[in-house]
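Have a look at the structure below, then the notes.
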Amino acid sequence: MNHKFSRRKFLRNSILGTGAMTLGFPALNVNAQEHKIRVGVVTSLSGANRFGGNLTRRGYDLWAEEINKLGGIEIEGKRYPVEMFYGDAQSRPASGADAAERLIIQDEVDVLFGPYTSGVTLAVQPISQKYRVPMISGSAESPNVWLAKPAFNFGMIPAVDLTTDKSMVVLAENLGDRAKTASVIGVDEPFSKETAEGFRKGVEESGLDLLSYELFPAGSDLSAIISKLKSSNPDIVAVGGHEDIFINFVNTAKALNYKPKALIMHYGVTSAAFMKETGAESNGILGVSVWTEGLPYKDELFGTASDYSELSFSRWGTRPDYTEAACSASGLVLQDAARRLGKAPPWDQGTRAELAKAIEDTDIETFYGPVGFAKEGSHYHNNTKPVPAVVQIKSGDVVPVAPENASKGELVYPIPGTS
Amino acid sequence: MDLFLQTLVNGILIGGILICLTIGFQLTFGVLHVIDFAVGGWTMLGGYTAYWLVTLAGIDPFISIFLVFALFLLIGRGLGPLIYHVRTSKYARPDLMALAFTFGIFLFMRGGALWLWSYNSRSVDSVLSGQFLSLGPVTIPLMRLSAFLLAMLFSLGLFILLYRSRFGMAVRALAQNHDHAGLMGVDVKRVSAWVYGIYTALTASAGVLIATIYSVNPSVGVRYTLFAFFVAVLAGLGSVGGVLVAGLALGLLEAYVATYIGARYSLLIVFGTLYLVLLVAPKGVLGRGI
């Protein structure tokens, strides 16, 4: 046989060969890593919500570090380490959706851990559904996330309308005959409005008289609202909003010589920034917390709530809040569901759908509290089990004061110096 | 009746803050014919500067307001020639170019603030924070009263500057006609730059007061830009005197609507009023002029 050397043919074959090898390497790589469980985290690592976004990352990472110390997630007697991949939502829903798609297509993650804000979560959950990748959201609190009935998304923190509702009932029970009336105000924007509506529902459920319910635009001057509250002087004032409204409320009330007998807000009051900006005026203010380190919960990986707090403090240098705790507990949910699924990774689309079903059937106790997802109704796939603790700021410390099993101090009522 | 009187006081004091915020904005429009969309940004930066001065140097806002005034006078004076250049450029619509330019400055400031301070709200304590006067059933917060008095002082100072000084004469001449003022020996560029400096200094000082009364975060600028624009339109664009009437009217309108109809409707009614003013009296309450 007479083969003639062709330079053109040689070059073509060389290019094809090199290309095939280059394309083939990632596949080989994936095969080499098939014993790992690939977890994608979509959260706000930059932009306006980067502070909260990084809290979620801390929570997720702490779980990954702890489970990897044991060799990974145990499935059918064999352990599979966890590998984390991150997608920056840049505090924007559209960027979050893009990041999720990248994680699923390029990084081939088996499961997603969800974003910090509800807005980004709402944008990401259709992506998780489209590719049938289960997502466990450690932070989203808007009921709208669950109203959409997401098949593949599961939320660790009870929606804000549930937490504020239950916290008001807990507070009213604790105060007994000492409180008969309440007023609720809130900012007229989704999260704050839902918070205020939860408070209002709680007032109605607990048999208190609702003296007034008022929503106002973000950034409003609060002097008119506070003048009205001062005039009607309810026993409990509840405020739905974010930290800036809380600061404005406290400052304006102080300037108008008004101090409610009980003032309950939400998550923002426990933040260091709120206490710093309001100083001594924060003393006695009540807040809602889904989790505190004093709660009597525990699990095998993290130990008690207090152990978790210590671990987080030694790892990150600050005490964890409920967002971090819920994010770490997301990992516990994945662990439990993967164990019950009993199938080694990587998981194809069909197996991921089975994993979602396993997550849906979760019924576990963790350091964060009980976890179980609603299978129907307006809070579909939201963990509705935790009972929120009512906390009170006492000399700069956040002290759980109700319900009884979470209480670490006496509920001060009325706040000294009230109108 | 008690609530009615308290609302009256609340409205007047809110009006004082709005006057403080808008008076420099009016001057800039009157002289440079620029609607400065950066007004909320200057307010925000004034508030943050006061926050820095309190936290880093322990300087009370009532002293820092003078430092902020001086600092932003220089910043505005430095930026003034650039604004003037854009406004007098040979583009087809230099007025729109200037508007877009100031909006760009605002976005830059907002982005910078987000980068520097994240979204966190800051409030500034003063010796007067939380202090109040009780007049029977009416409570007068001293901080808001001080803001009101300061607004009056700014207005008086501006009045004296405009009507009792050679610089003021030059400013008024510019407000009439740049070319003619130039022919009469006024250094148009220099005076315009100082006007922009005075405007930024006044607006940043308003920001100091706002930080002591409410709180400041990177988003507040949008709201204050809207309010400054509203007061300016109600006053009559360029009318410094009209700001006093418009600021008080808006303050009272917002307070009474929030108290007796509902705070939820205050912005709706306030901006509905703006629409009516534009329809019925497009020149505002006191017409246009310096």
Side-chain angles (χ1 to χ4, degrees), chain A residues 44 46-54 91 117 185-188 193 196 212-232 241-259 268 271-274 276-281 419, chain B residues 2-3 5-7 9-11 13-14 17-18 51 55 114-115 118-125 128-134 137-145 212-220 222-224 226-227 251 254-268:
Chain A
S44 300
S46 63
N49 298 312
R50 69 178 187 271
F51 179 78
N54 278 296
S91 305
T117 63
I185 63 167
V187 181
D188 200 359
K193 189 177 163 188
S212 60
Y213 175 76
E214 183 161 12
L215 299 176
F216 52 87
S220 293
D221 181 274
L222 298 180
S223 51
I225 288 163
I226 288 170
S227 297
K228 281 191 279 184
L229 289 173
K230 189 179 174 183
S231 169
S232 60
H242 286 103
E243 185 192 292
D244 52 340
I245 287 298
F246 298 162
I247 294 169
N248 283 345
F249 184 94
V250 172
N251 287 345
T252 310
K254 186 183 171 191
L256 285 167
N257 189 26
Y258 174 58
K259 198 160 198 175
S271 74
F274 173 78
K276 189 178 161 218
E277 297 304 321
T278 51
E281 287 302 307
S419 300
Chain B
D2 294 353
L3 190 58
L5 290 175
Q6 183 66 56
T7 306
V9 170
N10 290 346
L13 298 184
I14 294 168
I17 297 163
L18 295 174
Y51 174 79
T55 48
L114 267 171
W115 176 70
S118 187
Y119 187 78
N120 296 341
S121 289
R122 317 280 185 185
S123 68
V124 179
D125 258 351
L128 293 182
S129 297
Q131 305 287 320
F132 52 86
L133 277 177
S134 286
V138 176
T139 304
I140 304 175
L142 285 187
M143 226 19 259
R144 288 177 184 233
L145 183 64
T212 55
I213 293 168
Y214 308 114
S215 62
V216 62
N217 63 53
S219 290
V220 295
V222 179
R223 181 177 172 80
Y224 293 124
L226 279 177
F227 272 110
E254 200 195 351
Y256 277 104
V257 169
T259 303
Y260 292 103
I261 300 175
R264 199 174 189 181
Y265 307 104
S266 59
L267 278 186
L268 185 75

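By convention in this document, chain letters (A, B, ...) are assigned in the order of the sequence lines, proteins followed by strands, and residues within each chain are numbered from 1. Computed from a predicted model, the values in this text were never measured in an experiment.
The contact between A/L256 and chain B is made by backbone and side chain atoms together, counting heavy-atom distances below 4.5 Å. Contact annotation for B/I14: only side-chain heavy atoms (C-beta onward) come within less than 4.5 Å of a heavy atom of chain A. At a 4.5 Å heavy-atom cutoff, the contact between B/Y51 and chain A is made by side-chain atoms alone. Using a 4.5 Å cut-off between heavy atoms, A/A253 does not touch chain B at all. Of the atoms belonging to A/D188, it is side-chain heavy atoms, and not backbone ones, that fall under 4.5 Å from chain B.
Within the model, atoms CD1 of A/I247 and OH of B/Y214 stand 15.0 Å from one another, a figure rounded to the nearest 0.5 Å.
Salt bridge B/D125/A/K254: absent, no basic N to carboxylate O contact under 4.0 Å.
B/L142 is linked by a side-chain contact (heavy atoms from CB on, under 4.5 Å) to B/L128, B/Q131, B/L133, B/L145, counting only residues two or more places apart in sequence or in another chain. Scored by the side-chain contact (heavy atoms from CB on, under 4.5 Å) test, A/S46 finds A/D88, A/Q90 as partners (sequence neighbours excluded).
Of all the heavy atoms in A/E214 and B/A258, the pair that sits closest is OE2-O, 3.8 Å. When all heavy atoms are compared, the tightest approach of B/A263 to A/P217 is O-CD, 3.2 Å. When all heavy atoms of A/A255 and B/F132 are compared, the pair lying nearest together is O-CB, 3.5 Å.
A donor-acceptor pair shorter than 3.5 Å cannot be found between the side chains of B/S134 and A/N257.
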